[in-house]
Amino acid sequence: MTESSASFRLVGAHPASTVPATSAASGRKRFRRTTVLAGFVLAVMVLGCLFPEQMAGNDPSILHLAFVDHAPDAEFWFGTDSLGRDIYSIIWEGGRTSLTVGLLSTAVIAVLGMTYGCVSGMASGGTDGIMMRFVELCQSVPRLLSQILLLSLLGTPDVLELALVIGVTGWFALARMVRGEVRQIRDSDYILAARCMGASFCRIMRRHLVPNVISAVLFVIVSSVSTGMVMEATLSFMGLGLPVDVVSLGSMLALADKALLLNTWWVIVFPGLFLMVILLCLTTLGQAFRRIHERGPSNL
């Protein structure tokens, strides 16, 4: 029996005792450092976008016609675009516009998604089914197609209108998540007590539903900021978003459609990197919020 058992070797998952105890702790430590770094970089970039005058090397409103499509040098750190604007100077103002669009669209998504999800979660079975079928029907339409349709009706939008279009077409996934969370807690004692005491739905939603579901959907709300910025850049690149005279990361990239053909790589690389860094920081923070909700703050 001993000889036969010695000829076999255990394969597959190892026992829990053989897993190094420090691997999970080191993974959490790396993730914590990455999250802190992402938050610090995002804070610096947001402050730079809020106060672009302090970051600009040249006046962003000046068109340096003698230096059109000028390569990066000591005077123009990121070069100039096809209009002669200093890319380093206008990239901070463009980032502020893109962040504004992302935050406003996220606010629209949060209000619509949270309200609709709470109403659907507290409704009866028939009403809840109808409301969810409507959400599924809206989700079946490609989001970009819906935005193009709405923008064609509005014409050339401003910052507020573009944020509204992005928000109105992007709250469906959040509503479904909120509805699922509300369905789990709607029969709780404190909610039943509030209903028996005659509390209105708005009060129940404000005092009980939203505080209990916000942690579960906070990562979706944070991710919506990056999604709004991406949609703004996409629509502006397609010529359907903000006009060229309104400086944003999307409108800057819209001028870069021929950058590679003209070998003016800096026109598209620096605004693209700026946008990518912001999106990466927001994604990292969103994942941190999700991990906190799933595993608790001690396991971040």
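Keep in mind the model is a prediction, meaning the values are calculated, not measured.
Checked against the 6.0 Å centroid criterion, the rings of F51 and W92 do not qualify as a close aromatic pair. Centroid-to-centroid, the aromatic rings of W77 and Y88 come within less than 6.0 Å.
Side-chain contact between L209 and M122 is present, with heavy atoms from C-beta onward closer than 4.5 Å. Residues V247 and R96 are not in side-chain contact: their nearest non-hydrogen atoms beyond the backbone lie 4.5 Å or more apart. The shortest side-chain heavy-atom distance between L144 and L235 falls under the 4.5 Å cut-off. Looking at heavy atoms from C-beta onward, F274 lies out of side-chain contact with F78 at the 4.5 angstrom threshold. Taking 4.5 Å as the limit, some side-chain heavy atom of M131 sits within range of a side-chain heavy atom of V119. Between D86 and I90, the closest side-chain pair of non-hydrogen atoms is not below 4.5 Å. Looking only at side-chain heavy atoms (C-beta outward), W266 and I87 come within less than 4.5 Å of each other. Using a 4.5 Å heavy-atom cutoff, the side chains of L151 and V165 are in contact.
Scanning for salt bridge (Lys or Arg N to Asp or Glu O under 4.0 Å) contacts around R133 gives E136, with sequence neighbours left out.
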Might you work through the side-chain contact (heavy atoms from CB on, under 4.5 Å) test for L42 and V277, ending with a clear yes or no?
CA-CA 8 Å; L42 182 62; V277 171; over 6 Å; no

Checking R179 against Y116 for the side-chain contact (heavy atoms from CB on, under 4.5 Å) test, could you report, in this order, the C-alpha distance in whole Å, the side-chain angles of both residues, the deciding distance, and whether it holds?
CA-CA 8 Å; R179 177 257 181 190; Y116 194 95; over 6 Å; no

Could you check M231 against T169 for side-chain contact (heavy atoms from CB on, under 4.5 Å), going step by step and ending with a plain yes or no?
CA-CA 11 Å; M231 297 309 301; T169 57; over 6 Å; no

Carefully, step by step, assess T35 and Q287 under the rule side-chain contact (heavy atoms from CB on, under 4.5 Å).
CA-CA 9 Å; T35 304; Q287 292 177 351; over 6 Å; no

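With rounding to the nearest 0.5 angstrom, the CG atom of L249 is 8.0 Å from the OG1 atom of T97. To the nearest 0.5 Å, the span separating CD1 on I91 from OG on S98 amounts to 10.0 Å. One distance of note links CE of M276 with OG1 of T283; it measures 10.5 Å at 0.5 Å rounding. Rounded to the nearest 0.5 angstrom, M114 CE and R206 CZ are separated by 13.0 Å. From M229, atom CE reaches atom OG of S248 across 9.5 Å, with rounding to the nearest 0.5 Å. How far OG of S224 is from CH2 of W171: 13.0 Å, rounded to the nearest 0.5 Å.
At most 12 non-hydrogen atoms from other residues, nucleotides or ligands lie less than 6.0 angstrom from CG of D189. Other residues, nucleotides and ligands contribute more than 12 heavy atoms inside 6.0 Å of the OH atom of Y190. Within a 6.0 Å sphere centred on CZ of R186, heavy atoms belonging to other residues, nucleotides or ligands number more than 12.
The nearest pair of heavy atoms linking I204 to A194 is CG1-CB, 4.2 Å. Of all heavy-atom pairs between V101 and G228, the closest is CG1-O, 4.3 Å. When all heavy atoms of V222 and L282 are compared, the pair lying nearest together is CG1-O, 3.7 Å. Taking both residues in full, the closest heavy atoms of P211 and R207 are given as CG-O, 3.5 Å, listed atom of the first, atom of the second, then distance. Residues A110 and L174 come closest through the heavy atom pair CA-CD2, 3.8 Å.
A single hydrophobic cluster is not seen to contain both I166 and V108; linkage of ILVMFWY side chains at heavy-atom distances under 4.5 Å, directly or through other members, places them apart. No path of Ile, Leu, Val, Met, Phe, Trp and Tyr side chains, each step under 4.5 Å between heavy atoms, connects V141 with L154, placing them in separate hydrophobic clusters. Note on L280 and L273: separate hydrophobic clusters, where clusters join Ile, Leu, Val, Met, Phe, Trp and Tyr whose side-chain heavy atoms are under 4.5 Å apart, directly or indirectly. Hydrophobic clustering (side-chain heavy atoms under 4.5 Å, transitive across Ile, Leu, Val, Met, Phe, Trp, Tyr) groups V178 together with F201. When the side chains of ILVMFWY residues are joined at heavy-atom separations under 4.5 Å, either directly or via intervening members, L160 and L112 end up in two distinct hydrophobic clusters.
In summary, the side chains of D128 and S120 do present a donor paired with an acceptor at a separation below 3.5 Å, with no hydrogens or angles considered. For the residue pair E232/S236, the side-chain donor-acceptor check at 3.5 Å is satisfied.
No donor-acceptor pair under 3.5 Å is formed between the side chain of S89 and the backbone N or O of R85. Side-chain atoms of T127 do not come within 3.5 Å of backbone N or O of S124 as any donor-acceptor pair.
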